[in-house]
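Below is one structure, written out as structure tokens; the observations come after it.
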Amino acid sequence: MKLKRIIAVLMAFLLVMPSFLVSAEKNDSSSEGNQDLGEGSYSEKHEVVYAKLNATGDQEEMYVVNNFNIKEPGEIVDYGPYTSVQNLTDLTKIKQDNSRIKLTAKEEEFYYQGDLEGQSLPWDINVSYMLNGEALSPEELLGKDGKLKVQIETAQNKEVNPLFYNNYLLQITLQLDSKIYENIKASNGTVANAGKDRRVTFTVMPEKQGSFTLTSDVTDFEMESIEFAAVPSSMSIDKPDVGGMKKDMNSLSDATSEINQGVGELQNGIAELNNGVASLYNGSAQYKNGINELSGGSSKLVDGSASIQASLQQMSESLNKSSSDMNLSDFKKMEEGLRQLAGGLKETEKGLTNLKDQYGKAQNALSQSIDSIPTSDITEKDIQALYKSGADQKVVDQLVETYKAAQKTKKTYENVKEAHNAVGPALEKSAGSLNEMSASLSTMADNLGNNLENMNVDESMEELKKGLQALSSNYNDFHAGLKDYTNGVNELSGSYQDIHGGIAELTNGTQELENGASELHNGTSELASSTSDLPEQMQKEIDQMVNEYDKSDFDPVSFVSSKNEKVTSVQFVIKTKSIKKVEEEKEEPQKEEEKSFWDRLMALFS
């Protein structure tokens, strides 16, 4: 019975054997090249460059996965300096003649891999590690605890086509186990949760070098691979609507121009103020000199007046004697005394008249100088606006201080102006009184001289006595007033020294102020000039920034060969070697040997 079953199965196998052979022959024919397919074509080619780095960023391995969108099945040609190639789509063999690659594509998508040696990435990548402030190699870090610092640097590899460095966005990603890493900080990066892990991401813009630091507290250190993904920065950047901003910038530009104009007017006003204060100083100097001369001559004036007063007193006392005790020579002496007294009064009157003239000139110069100080009413609001204009605060402080000092000087002078104006008339009145007294004495001397021989001594003496007594009495009042006046002059001379010193300081201050205002105006002029086309400058900067980062017009080229055509995209996937402990290999259970077809067939009958 068993034998019959074996014979039946063998007969069935022999019946189907030809179909197996035909199928196997067909497959063998397919693997030899598909001679019945002609020249093919493709619409797009994509390249993905894979690179493996060690843990510090040194390149170890590189290969490229090429993908074609097949338009017409058949033979197509690609180029690349590959050390070896591998078909990733079917079992069709790929022919390689140096850098020329010939392949047969049947499907809509065709993939093959090419291995590269000696080819470098467009970026130089460096990764360094420190633990507790000490630089360690990745192997030395394994299993350690402490404060970790990872430094990642990227720069252009100038030996590679700069097209990729200038147009590609480089994204760096670290996957950190939250059981190992705590207190993660990444300057210029983002930290996000990814399940139980933390994902740290850094981005390097096209044409830029990258420098990133990650710090963390680690326990039993291990690290997954650091991934670098590079893709074209092909997103289009829309230019922002800056209409409202440009309007604001125009307002700012206009305001800056108005500030400059206002500062220019301020500078002119300060220049006038400085000129006025200079005139004030000159007038004050003349006034000071005049008042000093007057003060210096006051003592002589008082002494001379005292002598005149004593002479009048003496003459009056002499006249009180009996006329019999007087002879002609005494009258001669009296005549001479009267003439000397009249001359002294005349000289005093001339001194007062000269003093009055000098004082008038000084007073006029002082008044003109004070009047030349501008009466501009600068409000506190104007001052605060000047502070907010961005001008040098030190210069503005000097401007405000000098402005207030000038206005105070002007106001003070207005308060004492009436007293100053009264000095001139007082001097003129005093000089007039002296002139009258001098004329009276001269008349008396003339009368006395003309009538000495024919005069009645008793009558003349009586008249002379009365005249001298009246003159002496009036002169006493005059002398007392003269002393009061000279005392006032001396006090004025002493106090005016301080006033003149203040005016001198004011002069220096206004000169510095004018210099500061000139510098301020130069600054605001430069500011106004630089902001006059501020809206256009802003638009230009925006356009430049947009053009710098807008790579939407980038046309990709092959990374491996310039002969490759229809390249639609080139991407880079780069990974460092992970830093992990080596796990002990476990013995795997022995697998039963797979039974062949004949073994399984015979088992049916065992």
Side-chain angles (χ1 to χ4, degrees), residues 49-63 116-160 162 164-166 168-194 197-231 233 571-583:
V49 182
Y50 294 89
K52 294 181 180 179
L53 315 177
N54 65 14
T56 59
D58 294 329
Q59 185 174 316
E60 292 185 339
E61 183 181 346
M62 180 185 290
Y63 62 92
L116 294 169
E117 285 186 6
Q119 186 86 355
S120 299
L121 290 166
W123 300 270
D124 287 331
I125 298 173
N126 180 65
V127 185
S128 59
Y129 307 85
M130 296 184 73
L131 188 69
N132 299 325
E134 181 183 0
L136 296 177
S137 67
E139 295 76 14
E140 292 173 324
L141 281 171
L142 270 174
K144 297 287 180 61
D145 303 338
K147 294 187 178 297
L148 175 71
K149 177 181 178 181
V150 180
Q151 187 74 28
I152 302 173
E153 307 280 347
T154 65
Q156 180 182 9
N157 184 350
K158 296 184 178 180
E159 295 180 358
V160 180
F164 301 100
Y165 178 81
N166 292 337
Y168 274 56
L169 189 79
L170 187 64
Q171 188 174 59
I172 307 169
T173 305
L174 295 89
Q175 194 83 5
L176 306 176
D177 190 338
S178 59
K179 294 180 180 179
I180 299 176
Y181 295 84
E182 293 182 349
N183 301 322
I184 300 171
K185 294 181 180 179
S187 58
N188 300 321
T190 59
V191 181
N193 292 328
D197 297 332
R198 301 289 181 268
R199 180 170 293 173
V200 181
T201 305
F202 302 104
T203 302
V204 184
M205 300 301 292
E207 302 182 70
K208 302 295 181 183
Q209 295 184 356
S211 179
F212 306 102
T213 303
L214 179 144
T215 59
S216 175
D217 296 330
V218 295
T219 304
D220 194 16
F221 174 83
E222 283 188 346
M223 179 178 281
E224 297 288 347
S225 300
I226 302 175
E227 298 180 0
F228 300 79
V231 294
S233 178
Q571 301 180 27
F572 294 83
V573 179
I574 308 163
K575 295 179 67 173
T576 64
K577 187 177 181 180
S578 62
I579 307 173
K580 288 190 173 183
K581 298 175 183 177
V582 178
E583 296 183 1

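The first residue in the sequence is number 1, and the count goes up from there.
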Closest non-hydrogen atom pair between Val200 and Ala186, with its separation:
CG1-CB, 3.7 Å
Applying side-chain contact (heavy atoms from CB on, under 4.5 Å), can you list everything that pairs with Gln151, at least two apart in sequence or on another chain?
Ser128, Lys149, Glu153, Ser211, Thr213
Is Asp58 reaching over with its side chain to a backbone N or O of Asn54, donor-acceptor style, under 3.5 angstrom?
no
Between Asn132 (side chain) and Lys147 (backbone), is there a donor-acceptor pair under 3.5 Å?
yes
Sub-4.5 Å side-chain heavy-atom contact between Leu142 and Glu222:
yes
Within this structure, what is the NZ-CD distance for the pair Lys575 and Glu224, rounded to the nearest 0.5 Å?
8.5 Å
Distance check, rounded to the nearest 0.5 Å: Glu227 atom CD versus Thr173 atom OG1?
6.0 Å
Hey, is the main chain of Glu207 close enough, under 3.5 Å, to the side chain of Tyr168 for a donor-acceptor pair?
no
So CG of Leu170 and CD1 of Ile574: to nearest 0.5 Å the spacing works out to 6.5 Å
Donor on one side chain, acceptor on other, Asn193 and Arg199, under 3.5 Å:
no
Side chains of Met62 and Leu121 in contact at under 4.5 Å (non-hydrogen atoms):
yes
Determine whether a donor-acceptor pair (N or O, by modelled atom type, separation under 3.5 Å) exists between the side chain of Asp177 and the backbone of Asp197.
no
Between Ile152 and Leu174, does a side-chain contact (heavy atoms from CB on, under 4.5 Å) hold up when you go through it step by step?
CA-CA 11 Å; Ile152 302 173; Leu174 295 89; 4.0 Å; yes
Dump the intermediate steps for side-chain contact (heavy atoms from CB on, under 4.5 Å) on Leu53 and Val127, then the final yes or no.
CA-CA 10 Å; Leu53 315 177; Val127 185; over 6 Å; no
Is the distance between the ring centroids of Phe572 and Trp123 under 6.0 Å?
yes
side-chain contact (heavy atoms from CB on, under 4.5 Å) partners of Asp124, counting only residues at least two apart:
Asn157
According to the interplanar angle, ranging from 0 to 90°, do the rings of Phe221 and Tyr129 count as parallel (below 30°), tilted (30 to 60°) or perpendicular (above 60°)?
perpendicular
So if I apply the salt bridge (charged side-chain N to carboxylate O under 4.0 Å, His left out) rule between Asp220 and each of Lys580, Lys581, Lys179, which one comes out positive?
Lys581
Which distance, rounded to the nearest 0.5 Å, do you find between the OG1 of Thr576 and the CD1 of Ile125?
9.0 Å
The test is side-chain contact (heavy atoms from CB on, under 4.5 Å); show your working for Val204 and Phe202 and say whether it passes.
CA-CA 7 Å; Val204 184; Phe202 302 104; 5.9 Å; no
Quick check on Glu159: does its CD atom have over 12 non-hydrogen neighbours (other residues, nucleotides or ligands) under 6.0 Å away?
no
Evaluation steps, side-chain contact (heavy atoms from CB on, under 4.5 Å), between Gln209 and Tyr165
CA-CA 10 Å; Gln209 295 184 356; Tyr165 178 81; 3.7 Å; yes
Interatomic spacing from OG in Ser216 to CG in Leu148 - rounded to 0.5 Å:
6.5 Å
Closest heavy-atom pair, Ser578 versus Ser225, reported as atoms and distance to 0.1 Å, is N-OG, 3.5 Å
Leu169 side, atom CG; Thr203 side, atom OG1 - distance, nearest 0.5 Å:
6.0 Å
